[in-house]
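Read through the structure below, which is laid out as structure tokens, and then see the notes.
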Number of protein chains: 2
Amino acid sequence: MYCCIMYSKELLKGTLEVIVLKLLSEHGKMYGYELSQKVKEETEGKIHLKDGSLYPALHKLTKDGILTFEEVSIGKRVRKYYKLTSKGEEQKETLLDEMRDFIKTIEKVIFSDLKTSPAI
Amino acid sequence: MYCCIMYSKELLKGTLEVIVLKLLSEHGKMYGYELSQKVKEETEGKIHLKDGSLYPALHKLTKDGILTFEEVSIGKRVRKYYKLTSKGEEQKETLLDEMRDFIKTIEKVIFSDLKTSPAI
DNA sequence: TTGCAATATATCATAATATGATGTATTGTT
DNA sequence: AACAATACATCATATTATGATATATTGCAA
């Protein structure tokens, strides 16, 4: 599977989990491939969850009680539909709050311009 | 040296370099300890560059030609004042643009609310 | 004046995690 | 029949922040 990430790898670290939890919360239940397609679509290809990252993450989140899944047969193919547990819902809220706050703080440090915006 | 980071470790990954470059660009020249104090101050303690992260990063950036430094003796103590090279200035711009775009994209995926904002 | 906090640097083993490579198999299209 | 897309998976590697640890100076308060 090929990649095309617009951002340096480092920036994306830690983002995967938040994205997965947000999408699952929003759509109820989704399977791995569907998740990766959805992200690609919503970011116009800018973020691509690689399967080498996604599937291990889904396994880990399941092991940690954040997700559960049910297997659904589509012909001879088996899909694993994942959804949030109640613990997962809480975790999602925590991570979203954290991300919001993180972005706010980063913006303050990084995009402040001492020369032009002394106001506010 | 003690820590108190409000964010999960993962979120901070990749952020250190951008912060360092931005601050150096803004202040001309700074030494390691000064950098960590500045960040702590500007983020009200929310982000704390640990010396175990900062110094290796400064060494690496120097090795990569992004930074240079000059040693200044303050009494018996020696400070290393770092500043951006011209390559470092370019790198700073690149990383800032990347960060801007990254935040915009992440916000679109993560903070979109399908229920309340079908418009646009 | 003694001891502690702050200043200032540094290194290293460890942990976490995304990645690329690689593999298997099915389904739909040309 | 061949190929792209669908759908899952594993693993060695690379990157990087962290905590622990170390050294030494300086200023301040008891």
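Just so it is clear: chains get the letters A, B, ... in the order the sequence lines come, proteins before strands, and each one is counted from 1.
Regarding B:Tyr82, its OH atom lies at a distance of 14 Å from the P atom of C:dA8, rounded to whole Å. Atoms NZ (A:Lys60) and P (D:dT10) sit 15 Å apart, rounded to a whole Å. If you measure from atom CG of B:Leu58 to atom P of C:dA10, you get 8 Å, rounded to the nearest angstrom. In this entry the distance linking NZ of A:Lys76 with P of D:dA7 reads 17 Å, nearest Å. For the pair B:Leu49 CG and C:dT7 C1', the computed distance is 16 Å after rounding to whole Å. Between the CG atom of B:Leu16 and the P atom of D:dT18 there is a distance of 7 Å, given to the nearest Å. In this structure, B:Leu54 atom CG and C:dT9 atom C1' are separated by 10 Å, rounded to whole Å. The separation between A:Met30 atom CE and D:dC8 atom P is 11 Å, rounded to whole Å.
Under 4.0 angstrom from either OP1 or OP2 of D:dA20 there lies no side-chain N or O belonging to B:Lys50. Put simply, A:Tyr55 has no side-chain N or O that comes within less than 4.0 Å of OP1 or OP2 on D:dA7. When the side-chain nitrogen and oxygen atoms of A:His59 are compared with OP1 and OP2 of D:dC8, none of them lie within a distance under 4.0 Å. The shortest distance between the side-chain N/O atoms of A:Tyr33 and the OP1/OP2 oxygens of D:dT6 is below 4.0 Å.
For B:Lys108, the salt bridge (charged side-chain N to carboxylate O under 4.0 Å, His left out) partners two or more places apart in sequence, or in a different chain, are A:Glu44. Among residues two or more places apart in sequence or in another chain, the side-chain hydrogen bond (donor to acceptor under 3.5 Å, both in side chains) test is passed with A:Lys92 by A:Ser25. Partners of B:Phe111 by ring pair (Phe, Tyr, Trp, His ring centres under 6.0 Å), not counting sequence neighbours: none found. Taking B:Lys29 as the reference, B:Glu70 meet the salt bridge (charged side-chain N to carboxylate O under 4.0 Å, His left out) condition, with sequence neighbours excluded. Scored by the side-chain contact (heavy atoms from CB on, under 4.5 Å) test, B:Val109 finds A:Ile19, A:Glu42, A:Thr43 as partners (sequence neighbours excluded). Remark: B:Tyr31 pairs with B:Arg79 by the side-chain hydrogen bond (donor to acceptor under 3.5 Å, both in side chains) rule, at least two apart or across chains.
Residue whose closest nucleotide on DNA chain C sits further toward the 5' end, between B:Gly52 and A:Gly75: B:Gly52.
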Listed pairs, N/O of protein and of nucleotides 22-24 of chain D, under 3.5 Å:
none

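Less than 4.0 Å separates DNA chain C from no heavy atom of any residue of residues 62-74 of chain B.
A:Lys40 NZ to A:Ile47 CD1: the interatomic distance, rounded to the nearest 0.5 Å, is 13.0 Å.
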Do any side-chain atoms of residues 61-69 of chain B form donor-acceptor pairs under 3.5 angstrom with protein atoms, and if so which ones, sequence neighbours left out?
{"unit_1": "B:Thr62", "atom_1": "OG1", "unit_2": "B:Leu58", "atom_2": "O", "d": "2.7"}
{"unit_1": "B:Asp64", "atom_1": "OD2", "unit_2": "B:Lys60", "atom_2": "NZ", "d": "3.1"}

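Between A:Met30 and A:Leu35, the shortest heavy-atom contact is SD-CD2, 3.8 Å.
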